[in-house]
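Because the structure is predicted, anything quoted here is derived from the model rather than measured.
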Amino acid sequence: MAAKSDTQESLTLAVYGDSPYGTSPTDTAEFQASAAFIDAINADPQVSLATHVGDIHSGKQYCTAAYNQSVAALWTRFEDPLVYTPGDNEWTDCHKAAEGGGAYSAATQQINYVLDPVTHLPVDYASGNPVANLDLVRSDFFTEPGRTLGGGNLHVVSQAREYDPAYPSDAKYVENVMWERKDVLFVTLNIPGGSNNDQDIWYGAPVMSAEQAQEVAERTCADLRWLDRAFAQAQADHVRAVTIIEQADMWDLDGKSLSHLTGFEPFVASIAAHTAQFGKPVLMLNGDSHTYRSDNPLSPSAPCLTEATGGGETSCTSTAFTHPGYDVANFHRIVVHGSTFPLEYLKLTVNPEEKAPSGPNSFGPFSWQRMTQP
């Protein structure tokens with residue numbers, strides 16, 4: 001079947017993430033259900049573009065080349081273009097023992113890798129090394145800069161081709177892309193959930209390795225330059241809105257201390273500044289925390305998770321909240337639901353003629369509804 005076209009008035013995307021998940025390395029129930037889920041997206045006559053916001057397996061499944069390739073093969077089922085941005089589970093968290101990496105031993109000062117009981121070889125690709133696993137993700141899903149997955153044709157601009165020559169290492173970030181449709185600029189950023197690979201020391205070692213420190217510094221700077229480039233393009237092209245697509249829920253503590261989110265602050269600050277200067281609607285789509293949420297975390301009145309015992313929410317006038325001090329009215333964020341049955345996608349419609357006030361299901365030219373697998 002040929003890929004569907006946008007209507008003259010609007011564009012509709014199917015946005016999902018944190019899928020397919022499993023409760024163990026051998027749990028394939030969501031993976032097996034994904035073909036029918038993709039078919040349901042294909043059958044929606046309004047959807048002409050799909051987006052996956054990261055995490056192609058859970059934190060209890062191994063990072064292997066075979067698994068990545070099985071997901072890549074599954075995604076060929078999409079009849080429309082698919083844009084994917086990587087999540088933490090497929091690369092930054094591969095070092096963790098639960099994902100098949102390993103754990104540092106204080107007694108031996110060595111890493112005890114998770115080994116296959118039969119072959120006695122590491123179960124993870126490259127023993128769970130995150131940099132190697134990101135390279136694996138790129139080789140499996142980003143073989144050609146500017147080319148999307150799935151079917152159809154969508155031209156995207158990749159940072160691998162359009163990087164600032166003053167920073168040649170930015171050419172690595174083939175996964176960072178942007179494109180324009182229906183007077184909206186869309187941009188993806190490789191921002192992994194958890195702590196931006198900044199607080200979870202690989203393998204639980206006593207100190208961060210030079211390799212990890214270099215990864216965090218290079219990617220963070222590359223992401224920020226790509227964000228600068230996206231908003232400069234949005235201003236130059238006089239688009240009506242910007243959509244930022246990335247994996248991390250930068251406001252989710254996940255039972256950790258507030259310091260766990262400090263690695264996200266450069267992104268939050270940049271997004272807030274660019275959005276305020278842009279002065280038009282900016283919508284962020286992310287996954288990571290699994291539970292659907294529609295809000296503006298850059299509003300001083302937004303409820304924010306705190307460090308208080310038992311969790312809960314408090315007003316952002318409190319001193320104990322994440323990323324304080326922002327007041328950006330033209331921003332909205334949606335966390336797409338993931339990780340559990342029923343499988344779900346967000347049906348996001350862009351109508352450039354609409355100017356809806358910020359609400360639970362609409363914002364500027366955007367409106368959306370949750371769609372669950374029958």
Side-chain angles (χ1 to χ4, degrees), residues 13-21 50-59 61 63 68 71 75 82-96 99 130-131 133-138 140-142 148-149 156 158-159 172-178 186-200 215-216 219-220 222-224 226-227 230 243-254 256 260-261 263-268 270-271 282-295 297 322-323 333-340 344-346 348:
L13 300 82
V15 186
Y16 79 113
D18 299 289
S19 177
Y21 261 40
T51 301
H52 191 290
V53 296
D55 273 10
I56 58 174
H57 64 75
S58 78
Q61 294 175 284
C63 300
N68 285 6
V71 173
W75 285 352
L82 170 68
V83 177
Y84 159 61
T85 187
D88 57 341
N89 288 347
E90 53 263 49
W91 73 278
T92 62
D93 287 350
C94 292
H95 67 93
K96 296 180 179 180
E99 290 203 30
V131 170
N133 275 274
L134 178 55
D135 286 341
L136 178 66
V137 166
R138 289 168 175 155
D140 288 329
F141 299 100
F142 301 94
T148 55
L149 301 164
V156 297
S158 170
Q159 192 171 16
K172 293 186 294 188
Y173 300 96
V174 64
E175 63 273 17
N176 286 349
V177 303
M178 70 176 76
F186 297 83
V187 58
T188 69
L189 298 166
N190 184 350
I191 307 177
S195 67
N196 190 38
N197 196 27
D198 185 58
Q199 295 292 315
D200 296 312
E215 190 291 312
V216 175
R219 178 180 43 76
T220 297
D223 280 342
L224 291 172
W226 194 238
L227 191 64
T243 300
I244 301 169
I245 302 168
E246 52 86 31
Q247 193 245 345
D249 185 343
M250 296 183 279
W251 292 267
D252 178 49
L253 288 172
D254 192 25
K256 308 288 179 58
H260 202 70
L261 300 181
F264 294 129
E265 181 57 30
F267 301 119
V268 174
S270 179
I271 289 167
V282 174
L283 177 69
M284 174 181 282
L285 303 168
N286 68 263
D288 184 29
S289 52
H290 304 166
T291 303
Y292 177 82
R293 194 176 181 98
S294 171
D295 63 3
T322 56
H323 310 300
R333 183 275 299 263
I334 304 172
V335 181
V336 297
H337 186 84
S339 80
T340 59
E344 178 178 318
Y345 68 93
L346 186 80
L348 176 69

Working to the nearest 0.5 angstrom, can you tell me the gap between [X] [atom1] and [Y] [atom2]?
X      : Y      : atom1 : atom2 : answer
Gln159 : Met178 : CD    : CE    : 8.0 Å
Asn196 : Phe267 : CG    : CZ    : 4.5 Å
Asp200 : Asp88  : CG    : CG    : 8.5 Å
Asp135 : Asp140 : CG    : CG    : 11.0 Å
Leu134 : Phe142 : CG    : CZ    : 9.0 Å
Leu285 : Leu346 : CG    : CG    : 7.0 Å

Derivation of the ring-ring contact (aromatic ring centres under 6.0 Å, His included) call for His52 and Tyr84: CA-CA 5 Å; His52 191 290; Tyr84 159 61; 5.8 Å; yes
So does [Y] get a backbone contact from the side chain of [X], meaning a donor-acceptor N/O pair under 3.5 Å?
X      : Y      : result
Asn286 : Val335 : no
Ser339 : Asp18  : no
Thr220 : Val216 : yes
His290 : Gly338 : no
Thr85  : Glu246 : no
Gln61  : Ser58  : yes

Quick one: does [X]'s side chain get under 4.5 Å of [Y]'s, heavy atoms only?
X      : Y      : value
His57  : Cys63  : yes
Ile244 : Leu227 : yes
Leu348 : Leu283 : yes
Leu13  : Phe186 : yes
Trp226 : Asn190 : no
Val15  : Val53  : yes
Arg333 : Met250 : no

No-hydrogen, no-angle side-chain donor-acceptor test under 3.5 Å, Asp249 and Ser289: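 Distance-only check passes for Asp249 and Ser289.
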Check: Asp223/Asn176 side-chain N/O donor and acceptor closer than 3.5 Å: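 The answer is yes; a qualifying pair exists.
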Contacts of type side chain to side chain donor-acceptor pair (under 3.5 Å), residue Asp55, not counting sequence neighbours: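 With sequence neighbours excluded, Asp55 shows a side chain to side chain donor-acceptor pair (under 3.5 Å) to Tyr21, Asn89, Gln247, given in chain and number order.
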Over all atoms of both residues, closest heavy-atom pair of Asp198 and Gly263: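 Result for this residue pair: OD2-CA, 4.0 Å.
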Heavy-atom closest pair, residues Gly59 and Glu99: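 Of all heavy-atom pairs spanning Gly59 and Glu99, the closest is O-CG, 3.2 Å.
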Working for side chain to side chain contact (heavy atoms under 4.5 Å, CB included), residues Val177 and Val83: CA-CA 9 Å; Val177 303; Val83 177; 4.2 Å; yes
Mutual orientation of the aromatic rings belonging to Trp75 and Phe141 [parallel < 30°, tilted 30-60°, perpendicular > 60°]: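 Taking Phe141 first and then Trp75, their aromatic rings sit tilted (interplane angle of 30° to 60°).
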Partner of Arg219 under side-chain contact (heavy atoms from CB on, under 4.5 Å), chosen from Leu224, Leu189, Asn197: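 Of the listed options, the one satisfying the test is Asn197.
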